[in-house]
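Structure first, commentary second.
We name chains A, B, ... by the order of the sequence lines, and we start the count at 1 in each one.
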2 protein chains.
Amino acid sequence: MTNNSKTLLYKTITDLTEISASSLDKLFEIANKRQLTKGETILKEGQICKNIMFVEKGYVRTFIDKDGTEINTDFTFEGNFTTNLKSLRSASSADNSIQAGEITTLYEFDKDKLLELYNVSAEIESFGRKLLEQLLIAQEEHTNLFKIYSPTERYQYLQTSKPEILQRISLSQLSSYLGIARETLSRIRKK
Amino acid sequence: MTNNSKTLLYKTITDLTEISASSLDKLFEIANKRQLTKGETILKEGQICKNIMFVEKGYVRTFIDKDGTEINTDFTFEGNFTTNLKSLRSASSADNSIQAGEITTLYEFDKDKLLELYNVSAEIESFGRKLLEQLLIAQEEHTNLFKIYSPTERYQYLQTSKPEILQRISLSQLSSYLGIARETLSRIRKK
DNA sequence: AAGTTTTTGTGACGATTATCACAGGTAAAA
DNA sequence: TTTTACCTGTGATAATCGTCACAAAAACTT
C-alpha cells in the first residue's frame, strides 16, 4: 500500500521514532492491508508465524489451547503490533493462535521483507528496536501483576490502568487473561 | 576494557549476532567491568537506571518492595543481560532494585554511550534488537506460566525447564518469583 | 418476535493456598 | 566452638479460589 498519513499506522510509527519519508514509504510498501470478520483466524497453533501485524481497527485475541480450553494470553487493540515472536524468529511452529475479536482491519508485515528493510535502512531497524523495547516493558509490567497482586487486586489494577479492556472484553474472555476462574471474576466484579 | 575473546560476554554476543571485529571492539570499549560482593546493590528503587548490565559470573536478583516485603521479579545468571528498561528508556525513577546474589562480575554498558554506538554501527543496533527479541520471548513464556499453570505446576515446570534456578536460588527467594507463599512452596517441594 | 446461542450470576461444596506461630536445621560470623 | 542470623519444615486455622450445576440475562439469528 502507499503511505497514507491518515492511518493510525502512520501515527503510531512516527510517534515512536524519528523516520524519514523514504523509509516510511518503504515500510508502507511492504504493508499488506487485510480485513477480518469476527472470529476469523490469523495464526493457528502449529503454523509458522510469518509476519508482524498492526491492528488499525478492532482487536485480536491471542490464546493457547490447554486441554480443550482456550486461555487468553493477550489482547491487541488498535494502534498496537502483535506477532508470535518465538515462531517468527526461529521458524518454529506456534504454540498459540490469534484471531479477530471484532471486525478488524490490520496491516501485515512479512518477516523476510522486514528483515531486508532492516539491512537497507538503519532507521527502520531502529524502529524495530524501539517497538520491541515498548513491548518488553509492557510485558514485564503484566508479569509483575501476577507476582505482586492477588486475583482481586489484579482486577482492580486493570480498572484503573486499562479500563478500556474491561469495556471491550467479555468477562469470560478476561478471566483466563487474569488467571482467574470465570465465576470468581464475576464475584469479584460484583463488589 | 579491551576485546577479550575469552569472556562469556564475547561468546554471548557473537552467538547472538553476526558482528565485525571493529563493532565488537566498540562495544568492549564502553563496557565497564565491575566486581560485586554478595548483597551489593546495583540499582536502588527510586534511582534512574543508566545502564545495561551483563552478568559474567554469579547472578543478580531483581525485586520490588511491596509494603516492606521483597518480591523477586527476576534472577539474571551468567551469560545474560539485565536492566530496568522502563527507567532506562524514559529516565524515570525505578520501581525496583537489583542486587548481587553472590560474588558477581558484571559488565556495565552506559545507556548514552550505547545509543551513540547504535547511530554509528548498524550491526550494533541489530545486536540490540536481537537481544530485545530474546528477552521478550523469555518474558512472554514466563508470563504464560501464571496463566496456564497452578502453583504446583509452575514449580514442576521450573524443574524440567530451568533446573539450575532451583539449585542456586533458595526456597524463600524463589517463592515470590513463582507467586507462591514460602510455606506452600516448601510443601509442594516435599512431594 | 420467537428461538437459539452465548454470556453472566449464584449457590453449594471441596480443594488449594495464605497466614501465623514456632521448632529445628543450616550456614556464616565471632 | 559458640553465637548469631537466616532458611526450612510443619501444624493449625481461616480465607480464597476453583469446580460443578443450573438459572437468568443478554446478545445474536432467523
Side-chain angles (χ1 to χ4, degrees), chain A residues 36-41 58-59 61 63-72 75 99-104 144-159 163 165-191, chain B residues 36-41 58-59 61 63-72 75 97 99-104 144-159 165-191:
Chain A
L36 300 163
T37 60
K38 183 174 175 177
E40 200 171 340
T41 298
Y59 78 88
R61 176 173 74 91
F63 60 95
I64 293 176
D65 180 285
K66 198 209 175 185
D67 313 323
T69 309
E70 291 180 358
I71 295 175
N72 296 315
F75 298 102
Q99 61 175 230
E102 299 176 352
I103 294 171
T104 296
N144 290 346
L145 266 186
F146 293 90
K147 293 178 182 162
I148 304 175
Y149 300 126
S150 69
T152 303
E153 289 171 323
R154 292 205 284 277
Y155 177 76
Q156 291 167 344
Y157 180 88
L158 268 203
Q159 279 186 314
I165 201 175
L166 299 179
Q167 293 171 335
R168 292 181 66 180
I169 305 297
S170 73
L171 186 143
S172 4
Q173 295 291 338
L174 197 62
S175 61
S176 59
Y177 178 74
L178 289 173
I180 311 175
R182 182 187 62 78
E183 297 89 334
T184 304
L185 186 55
S186 169
R187 289 178 179 117
I188 286 172
R189 193 169 68 168
K190 238 182 62 181
K191 298 173 200 169
Chain B
L36 301 163
T37 60
K38 184 175 176 175
E40 199 171 342
T41 298
Y59 78 89
R61 176 174 74 92
F63 61 95
I64 294 176
D65 179 287
K66 197 208 175 185
D67 313 323
T69 310
E70 291 180 357
I71 295 175
N72 295 316
F75 298 102
S97 302
Q99 60 174 231
E102 299 175 350
I103 294 172
T104 296
N144 290 346
L145 266 186
F146 293 90
K147 293 179 181 161
I148 303 175
Y149 300 125
S150 67
T152 304
E153 290 171 324
R154 291 205 285 276
Y155 177 77
Q156 290 166 345
Y157 180 88
L158 268 203
Q159 279 186 315
I165 201 175
L166 300 179
Q167 294 171 333
R168 292 180 67 180
I169 305 297
S170 73
L171 187 143
S172 7
Q173 295 290 338
L174 197 62
S175 61
S176 59
Y177 179 73
L178 289 173
I180 310 175
R182 183 187 61 75
E183 298 89 333
T184 304
L185 186 56
S186 168
R187 289 176 179 120
I188 286 172
R189 193 169 67 170
K190 237 182 63 181
K191 299 173 200 171

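- With rounding to the nearest 0.5 angstrom, the NZ atom of B/Lys147 is 14.0 Å from the CZ atom of A/Phe63.
- Using a 4.0 Å heavy-atom cutoff across all strands shown, A/Thr184 reaches at least one base atom of the nucleic acid.
- Separating the CG atom of A/Leu178 from the C1' atom of D/dT16 is a distance of 16 Å, rounded to the nearest angstrom.
- Regarding contacts with the backbone of D/dG9, a side-chain N or O of B/Ser186 is found under 4.0 angstrom from either OP1 or OP2.
- Rounding to the nearest 0.5 Å places CZ of A/Phe75 at 11.5 Å from CZ of A/Arg168.
- Residues A/Tyr177 and A/Ile169 are not in side-chain contact: their nearest non-hydrogen atoms beyond the backbone lie 4.5 Å or more apart.
- For the atom pair CZ of B/Arg154 and OH of B/Tyr149, the computed distance is 11.5 Å after rounding to the nearest 0.5 Å.
- Side-chain atoms of A/Arg189 stay outside donor-acceptor range of the base of C/dG9, with no qualifying N/O pair under 3.5 Å.
- Between the P atom of D/dA23 and the CZ atom of A/Arg182 lies a distance of 15 Å, rounded to the nearest Å.
- Scanning residues 147-154 of chain A for heavy-atom distances under 4.0 Å to DNA chain D yields A/Pro151, A/Thr152.
- Counting heavy atoms from C-beta on, the side chains of B/Ser186 and B/Leu171 come closer than 4.5 Å.
- Here D/dT19 is the nucleotide among C/dA18, D/dT19, C/dA21 with the atom lying nearest to any side-chain atom of A/Glu183.
- Within the model, atoms OG of B/Ser150 and CD of B/Gln156 stand 7.5 Å from one another, a figure rounded to the nearest 0.5 Å.
- To the nearest angstrom, P of D/dG18 lies 10 Å from CG of A/Leu185.
- As rounded to whole Å, 12 Å separates atom P of C/dT8 from atom CG of A/Leu166.
- Summarising the geometry, the separation between CD1 on B/Ile188 and P on D/dT10 is reported as 14 Å, rounded to the nearest angstrom.
- Within the model, atoms OG1 of B/Thr152 and CD1 of B/Ile188 stand 4.0 Å from one another, a figure rounded to the nearest 0.5 Å.
- Atom CD1 in A/Ile103 sits about 13 Å away from atom C1' in D/dC28, given to the nearest Å.
- For the pair B/Ile169 CD1 and D/dC7 C1', the computed distance is 14 Å after rounding to whole Å.
- The base of D/dG11 sits within donor-acceptor range of the side chain of B/Arg187, with an N or O pair under 3.5 Å.
- For C/dT10, one of the phosphate oxygens OP1 or OP2 lies less than 4.0 angstrom from a side-chain nitrogen or oxygen of A/Lys190.
- Protein atom CG of B/Leu171 is 13 Å distant from nucleotide atom C1' of D/dT10, rounded to whole Å.
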